[in-house]
Number of protein chains: 2
Amino acid sequence: MELSVKEVISRCPLFARVKPEHLQPLIDIATVHRLEPDQRVFNQGDPCPGVFIVANGLVRIFKLAPTGKEYVLHLVSPGQTFAEVAAIGGYPCPANAQAIAETTCVLLPTEPFMTILRTQHELCLEIMTGMCAWVRTLVGLLEDITLRDATSRVARMISDLTNTAAGDVQLPAMKKHMASHLNLTSETLSRTLRRLADLGVIESDNQSLRVIDQEQLKSIAVGELM
Amino acid sequence: MELSVKEVISRCPLFARVKPEHLQPLIDIATVHRLEPDQRVFNQGDPCPGVFIVANGLVRIFKLAPTGKEYVLHLVSPGQTFAEVAAIGGYPCPANAQAIAETTCVLLPTEPFMTILRTQHELCLEIMTGMCAWVRTLVGLLEDITLRDATSRVARMISDLTNTAAGDVQLPAMKKHMASHLNLTSETLSRTLRRLADLGVIESDNQSLRVIDQEQLKSIAVGELM
DNA sequence: CGAATACTTGAAATTATTCAAGGGCCGTGG
DNA sequence: CCACGGCCCTTGAATAATTTCAAGTATTCG
């Protein structure tokens, strides 16, 4: 199923409410990029190519420590954008980006995008709203990592996933990447899922989970009991 | 030293580049608030009163866990703003705000502020730039907390403080609040400062620090050796 | 001066990580 | 079709980092 550039952009929440006549300039500057699994999109410190919109596939944005440890900041799924903050703020890329599946992206290159943004007030407001949501997500991540223990974090992640799709949940990425996003090792994630399964809160199949006791899952997620 | 509302707004980086004629509407809606030490400005979940600009004093923005543990997300010093993301995004307050000194704030109330923002493209662009910087800060915090150990984090904090003011550094807030911001207990911060002092990297007076060996401090900050 | 609160320090406890090994899944190539 | 190699995931035991608990000292403010 191939999407047109127009469809990709207009399905992206960040641009969904932009009027068609204001959308056209964006479509005109857009380029399409096909990425192989494991292919790097950019590295930390690179000049920012522009705003990427994921059409399909999956991209991970991650930071690398000198020790080699990596932290997955964002798993970017279809309809979501990445690098928009660096593009708008005029920063170099603050992290590395890598496709972790066969992926197609639409790119709105920095310079022409900024030119449009400087003249399109409506677009500007939409982007700002989107950025507010991103800030909120980041604050949520910080809260999660600083205030909750491993069990709560994992429970919360599962809870969030089931809010989107009920019943059987497919993990969006490899467990090691999910673990990193929660600032855990994959070993700890593995053990935690085991414990939740032993408690009868979830069933943990290989690549998918099923929530058995939503009540208890949520109470674990907010940090009560264990 | 009393500042006028106009001065407070125009000294704030977020509004500094807004042209005087566009500044006036903001001045017109602004209200001034005087806060006693320890006084709450708002609590998590409250409807967002608007954009606060700190004129002088200090405000801490913090999250509270059910366990009672708190995480200091932001120590807001004069010239900085807080609650702007909630105001613009239309969210309730995502955290608690409390003055931790005699503080004066200028408040731009949500509704009129948003009305202005919806018509002032220039202002919108400025705010967006400011929000990019805030995202960057948050990502930096996440990186710090997930990728570095206690010693590196403390070294980095000191290093950042000395970039602003050379030589003798006054800590902007109580050590327990600084510790919380780095996701450490005050005990760990205390011990870490002790260790850095024993290594001859810093001198740790009561409320102020002095950097002795900037080279080594930076190498510890990026995670090399100990 | 006295009380309250912040800070420091030591020892014990805890959480999560690291190290190590085995099992399972998948794609490649015989 | 099956065997092999690679990588991911799981599990256990040991380790390490930070927290917690507890006590004492210092500082500030009334």
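Residues passing the salt bridge (Lys or Arg N to Asp or Glu O under 4.0 Å) test with B:Arg40: none are found, sequence neighbours excluded. Legend: residues meeting side-chain contact (heavy atoms from CB on, under 4.5 Å) with B:Thr104, ordered by chain and number and at least two apart, are B:Val32, B:Arg34, B:Ala55, B:Asn56. By the salt bridge (Lys or Arg N to Asp or Glu O under 4.0 Å) test, A:Arg136 is found to be paired with no residue, residues two or more places apart in sequence or in another chain being considered. Legend: residues meeting salt bridge (Lys or Arg N to Asp or Glu O under 4.0 Å) with A:Glu7, ordered by chain and number and at least two apart, are absent. Residues satisfying the side-chain contact (heavy atoms from CB on, under 4.5 Å) test with B:Glu36, not counting sequence neighbours, are B:Gln39, B:Glu102. Listed by chain and residue number, B:Glu187, B:Thr188 satisfy the side-chain contact (heavy atoms from CB on, under 4.5 Å) test with B:Thr185 (two or more places apart in sequence, or in another chain). Residues satisfying the salt bridge (Lys or Arg N to Asp or Glu O under 4.0 Å) criterion with A:Lys63, sequence neighbours excluded, are B:Glu143. Residues satisfying the side-chain contact (heavy atoms from CB on, under 4.5 Å) criterion with A:Ala87, sequence neighbours excluded, are A:Cys48, A:Val51, A:Thr110.
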Heavy-atom contacts, protein to nucleotides 15-30 of chain D, under 4.0 Å, summarised as B (base), S (sugar-phosphate only) or - (none) per nt, yield ---SBBB-----S---

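First and last contacts of DNA chain C with chain B, using any nucleotide atom under 4.0 Å from a protein heavy atom and ordered 5' to 3', fall at C:dA6 to C:dA11.
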Ignoring hydrogens and angles, write down the donor-acceptor pairs under 3.5 Å from the side chains of residues 69-79 of chain A, residues two or more places apart or on other chains.
unit_1	atom_1	unit_2	atom_2	d
A:Lys69	NZ	A:Asn183	OD1	3.2
A:Lys69	NZ	B:Thr146	O	2.7
A:Glu70	OE2	A:Arg60	NH1	2.6
A:Glu70	OE2	A:Arg60	NH2	3.3
A:Tyr71	OH	A:His181	O	3.3
A:Ser77	OG	A:Gln80	OE1	3.0

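In this structure, B:Phe82 and B:Phe52 have parallel ring planes: the angle between them is below the 30° cut-off, well short of the 60° mark.
The distance between atom CE of A:Met178 and atom C1' of D:dC8, rounded to the nearest whole Å, is 15 Å. For the pair A:Leu196 CG and D:dT11 P, the interatomic distance rounds to 13 Å; values are reported in whole Å.
Nearer the 5' end of DNA chain C, as judged by each residue's closest nucleotide, is the contact made by B:Met174, out of B:Met174 and B:Arg194.
End-to-end axis angle for the helix from C:dC1-D:dG30 to C:dG30-D:dC1, using five pairs per end and rounding to 10°, comes out at 40°.
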